Amino acid sequence: MADVASGLEGLDLGALSPEQQAQLMEFKINTRIANEKYLRSHKEVELLLSGFLREVMLRRPENIPEFAAEHFTDPELPMKTQKKLAEKANQPGPTSLVMLGVTLTPPGCQPCDN
């Protein structure tokens with residue numbers, strides 16, 4: 001039965017064969033690993049997102065898309081990001097990214113070099 005409020009249909013548990021389910025699970029795991037490796041090698045992503053979210057929470061703009069456009073087209077943004085990356089490089093400890101409730105580097109763990 002369709003969930004009218006969300007526009008989604010209910011789960012069809014028989015839609016995928018066990019082999020397809022295993023392939024899907026492997027795909028999800030490999031995608032998550034690839035995403036984590038990418039984010040770990042591009043630390044500026046965390047800085048860009050956390051900086052944007054911090055400004056949104058502080059300023060609470062009415063028009064988020066307009067605010068985002070102004071924020072990410074700021075000519076000073078690349079310089080600010082490089083400065084923060086340099087500052088972070090001088091700080092000890094692992095960098096963790098928390099996005100949508102997922103911690104890529106759990107507390108007390110060192111990031112892997114894979």
Side-chain angles (χ1 to χ4, degrees):
M1 179 173 204
D3 179 358
V4 178
S6 70
L8 300 176
E9 293 186 18
L11 295 176
D12 183 358
L13 299 177
L16 298 177
S17 70
E19 182 181 328
Q20 289 172 320
Q21 290 175 1
Q23 288 174 342
L24 178 59
M25 183 58 71
E26 184 177 342
F27 173 78
K28 288 180 178 182
I29 291 169
N30 290 336
T31 300
R32 185 149 185 191
I33 290 169
N35 290 344
E36 187 169 337
K37 285 179 181 180
Y38 179 83
L39 290 172
R40 286 184 180 183
S41 67
H42 294 279
K43 305 231 184 269
E44 67 274 15
V45 174
E46 178 182 5
L47 290 174
L48 289 167
L49 293 176
S50 65
F52 172 69
L53 291 174
R54 183 181 59 251
E55 291 297 314
V56 166
M57 294 295 119
L58 289 173
R59 297 181 187 195
R60 302 198 183 268
E62 290 293 320
N63 187 331
I64 300 286
E66 182 179 312
F67 182 80
E70 290 172 9
H71 178 82
F72 288 111
T73 58
D74 176 3
E76 300 292 319
L77 187 60
M79 184 183 67
K80 292 176 186 176
T81 303
Q82 289 300 321
K83 182 180 177 185
K84 288 180 185 177
L85 278 172
E87 290 170 0
K88 234 177 170 115
N90 295 327
Q91 294 177 354
T95 301
S96 62
L97 174 66
V98 178
M99 182 180 293
L100 302 177
V102 176
T103 301
L104 298 178
T105 304
C109 293
Q110 294 294 322
C112 64
D113 293 327
N114 295 341

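Note that the structure is a prediction, hence the values are computed from the model and not measured.
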Colleague: Heavy-atom count around Glu87 CD within 6.0 Å, excluding the residue itself: above 12?
Modeller: yes

Colleague: Ion pair present between Lys80 and Glu76, side-chain N to carboxylate O less than 4.0 angstrom?
Modeller: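 Not counted as a salt bridge, because no side-chain N and carboxylate O are separated by less than 4.0 Å.
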
Colleague: Compare all side-chain heavy atoms of Glu26 with those of Asn30 and state whether any distance is below 4.5 angstrom.
Modeller: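 Yes - at least one pair of side-chain heavy atoms lies under 4.5 Å apart.
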
Colleague: Same cluster or not: are Leu39 and Phe72 linked, directly or through other Ile, Leu, Val, Met, Phe, Trp or Tyr residues, by side-chain heavy atoms under 4.5 angstrom apart?
Modeller: no

Colleague: Should Met57 and Leu77 be regarded as members of a common hydrophobic cluster, given that ILVMFWY residues are connected when their side-chain heavy atoms come within less than 4.5 Å of each other, either directly or indirectly?
Modeller: yes

Colleague: Would you say the side-chain atoms of Asn90 pair up with the backbone N or O of Ala86, donor to acceptor, closer than 3.5 Å?
Modeller: yes

Colleague: Atom CZ in Arg54, atom NE2 in His71: separation rounded to 0.5 Å?
Modeller: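 Nearest 0.5 Å value for the CZ-NE2 distance: 8.0 Å.
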
Colleague: May I ask you to say whether Arg40 pairs ionically with Glu36, meaning some side-chain N is under 4.0 Å from a carboxylate O?
Modeller: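 Counted as a salt bridge, because a side-chain N and a carboxylate O are separated by less than 4.0 Å.
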
Colleague: Do Gln82 and Glu44 come within less than 4.5 Å of each other through their side chains, counting heavy atoms only?
Modeller: no

Colleague: Would you check if Glu55 and Phe67 make a side-chain contact, meaning some heavy-atom pair closer than 4.5 Å?
Modeller: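 SC-SC contact between Glu55 and Phe67 confirmed.
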
Colleague: Over all heavy atoms of both residues, which pair between Pro78 and Asp74 is shortest? Give the atoms and the distance, please.
Modeller: CD-O, 3.8 Å

Colleague: Is it true that Leu47 and Leu53 fall in one hydrophobic cluster, defined by side-chain heavy atoms closer than 4.5 Å?
Modeller: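 No, no single cluster joins them.
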
Colleague: Rounded at 0.5 Å granularity, tell me how far CD in Glu46 sits from CG in Leu85.
Modeller: 9.5 Å

Colleague: Can you find a heavy atom in the side chain of Met25 that is under 4.5 Å from one in the side chain of Gln21?
Modeller: no

Colleague: Taking CD in Gln20 as the centre, count heavy atoms belonging to other residues, nucleotides or ligands within less than 6.0 Å. Is the count above 12?
Modeller: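 Yes.
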
